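Comments concern the structure below.
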Amino acid sequence: MTNTNSISRIKTEEVFYNSNANRAKGYIAYDENRTGKLPVVIIVHEWWDLNDYAKSRARQIAELGYFSFDADLFGNGQLADNPDEARALTKPYYSNPENTLQPIIDAIAKAATFPQADTSKVAAMGYCFGGFVVVNAAKLGADLKGVVSFHGRLIGVQPKKDFLKGEVLICQGGDDEFVPLSDQLAFKKSMDSLGARYSFITYPGAKHAYTNPEATALGKKFNLPIAYNANADTASWKDMHAFFLAVFK
């Protein structure tokens, strides 16, 4: 991964692909001024949808020197404008966590069609719902060097040592009402029982959705216990960056 120019030139594109028997609309970003193939980072959106916030994260990941791919977990251009719609669109995954694997496989397969993508080096990251997705996909055997969950639900399938191929980073808000301490302890116990490679970092005072600058306004609008936390956002991004540098060595 070599940079031929100190100035980034981020190329973005909406891409269509098949996922879970649906026509999905993803979003890619990469730095055109970097030569050679780039490690791939699959990004899974919050429960709202693949919106402008998710796309902004793809561009930021591209700035770091990766080929970023925003996966579309809802398909067919479906959007969630309120919590009820979001619950309906995420229910197939929360009710059946096994459904998280195929969308990640499909996203990797689409990324592989781009000459800039090095699909021998793939990681995934996700926000809220997306964190739940990428961690469960990893537990189910997705070929990932590492996964990062930002304020994701920690429920889902039990990990199996032969399935979990890479490392896991959990970036957890200290005041996240959607992820109770009981879920956190159960997750750690399940991972420890396998000797799994994972890190669990807690950011004091951070509520659910602490990485999204729009979270505070959305929380007030829909009466949800979510809020942006700039310190936790910055710290977790730095922790993620260090994690990717390590797993892509």
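These numbers come from a predicted model, not from an experiment.
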Return the [atom1] to [atom2] distance between [X] and [Y], rounded to the nearest 0.5 Å.
{"X": "Lys55", "Y": "Gln60", "atom1": "NZ", "atom2": "CD", "answer": "15.0 Å"}
{"X": "Ile105", "Y": "Leu144", "atom1": "CD1", "atom2": "CG", "answer": "9.5 Å"}
{"X": "Leu73", "Y": "Asp106", "atom1": "CG", "atom2": "CG", "answer": "10.0 Å"}
{"X": "Leu154", "Y": "Lys188", "atom1": "CG", "atom2": "NZ", "answer": "9.5 Å"}
{"X": "Glu177", "Y": "Leu224", "atom1": "CD", "atom2": "CG", "answer": "10.0 Å"}
{"X": "Trp47", "Y": "Phe132", "atom1": "CH2", "atom2": "CZ", "answer": "13.5 Å"}

May I ask you to decide if [Y]'s main-chain N or O and [X]'s side chain share a donor-acceptor pair within less than 3.5 Å?
{"X": "Asn136", "Y": "Val157", "result": "yes"}
{"X": "Lys165", "Y": "Gly141", "result": "yes"}
{"X": "Ser68", "Y": "Ala58", "result": "yes"}

Looking at [X] and [Y], what are the two nearest heavy atoms and their distance?
{"X": "Pro92", "Y": "Asn99", "result": "O-ND2, 2.9 Å"}
{"X": "Ser193", "Y": "Ser190", "result": "OG-O, 2.6 Å"}
{"X": "Ile226", "Y": "Ala215", "result": "CG1-O, 3.4 Å"}
{"X": "Val147", "Y": "Ala138", "result": "CG1-CB, 3.9 Å"}
{"X": "Thr119", "Y": "Ala111", "result": "CG2-C, 4.3 Å"}

- Task: For a side-chain contact (heavy atoms from CB on, under 4.5 Å) with Val44, tell me which candidate from Leu50, Ile104, Asp72 qualifies.
- Result: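 Only one of Leu50, Ile104, Asp72 forms a side-chain contact (heavy atoms from CB on, under 4.5 Å) with Val44, namely Ile104.
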More than 12 foreign heavy atoms under 6.0 Å from [atom1] of [X]: is that the case here?
{"X": "Asp52", "atom1": "CG", "value": "no"}
{"X": "Phe163", "atom1": "CZ", "value": "no"}
{"X": "Lys145", "atom1": "NZ", "value": "no"}
{"X": "Asn76", "atom1": "CG", "value": "yes"}
{"X": "Lys221", "atom1": "NZ", "value": "no"}

- Take Phe150 and Met240 through the side chain to side chain contact (heavy atoms under 4.5 Å, CB included) test and state the conclusion after the steps. CA-CA 9 Å; Phe150 296 94; Met240 173 219 71; 3.8 Å; yes
Relative to each other, are the rings of [X] and [Y] parallel, tilted or perpendicular (30° and 60° limits)?
{"X": "Phe129", "Y": "His45", "result": "tilted"}
{"X": "Phe178", "Y": "His208", "result": "tilted"}
{"X": "Phe187", "Y": "Tyr198", "result": "perpendicular"}

Below 4.5 Å, heavy atoms only, C-beta onward: do [X] and [Y] meet side chain to side chain?
{"X": "Thr12", "Y": "Ile10", "value": "yes"}
{"X": "Leu164", "Y": "Leu140", "value": "no"}
{"X": "Trp48", "Y": "Leu218", "value": "yes"}
{"X": "Arg59", "Y": "Tyr27", "value": "yes"}
{"X": "Phe222", "Y": "Asn82", "value": "yes"}
{"X": "Tyr17", "Y": "Arg23", "value": "no"}
{"X": "Leu169", "Y": "Phe200", "value": "no"}
{"X": "Val148", "Y": "Cys171", "value": "yes"}

- Task: Flag this pair as yes if the NZ/CZ of Lys37 is under 6.0 angstrom from the six-membered ring centre of Phe67 and inside a 45 degree cone about the axis; otherwise no.
- Result: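 No cation-pi geometry.
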- Message: With side chain to side chain contact (heavy atoms under 4.5 Å, CB included) as the criterion, how do Leu64 and Trp237 come out once you've worked through the C-alpha distance, each side chain's angles and the decisive distance to 0.1 Å?
- Response: CA-CA 11 Å; Leu64 297 179; Trp237 188 260; 4.0 Å; yes
- Residues Gln172, Thr202; criterion side chain to side chain donor-acceptor pair (under 3.5 Å); working and verdict: CA-CA 5 Å; Gln172 175 61 42; Thr202 301; over 6 Å; no
- Run through Asp175, Asp233, Asp239, Thr234 and flag the one making a side-chain hydrogen bond (donor to acceptor under 3.5 Å, both in side chains) with Tyr203.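 Among Asp175, Asp233, Asp239, Thr234, the one meeting side-chain hydrogen bond (donor to acceptor under 3.5 Å, both in side chains) with Tyr203 is Asp239.
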- Query: Taking His151 as the fixed residue, which of Asn212, Asn229, Asp176, Thr211 is the one that meets the side-chain hydrogen bond (donor to acceptor under 3.5 Å, both in side chains) rule?
  - Reply: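 Exactly one option meets the side-chain hydrogen bond (donor to acceptor under 3.5 Å, both in side chains) with His151, and it is Thr211.
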- Query: Can you list the steps and then say if Phe244 with Tyr66 is a side chain to side chain contact (heavy atoms under 4.5 Å, CB included)?
  - Reply: CA-CA 10 Å; Phe244 283 155; Tyr66 303 116; 3.6 Å; yes
Answer yes when [X] and [Y] have at least one side-chain N-carboxylate O distance shorter than 4.0 Å, and no when they do not.
{"X": "Arg9", "Y": "Glu32", "result": "yes"}
{"X": "Lys189", "Y": "Asp192", "result": "no"}
{"X": "Glu46", "Y": "Arg57", "result": "no"}

- Item | Distance flag, aromatic centroids of Tyr53 and Tyr127, threshold under 6.0 Å |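 Between Tyr53 and Tyr127, which both carry aromatic rings, the centre distance is below 6.0 Å.
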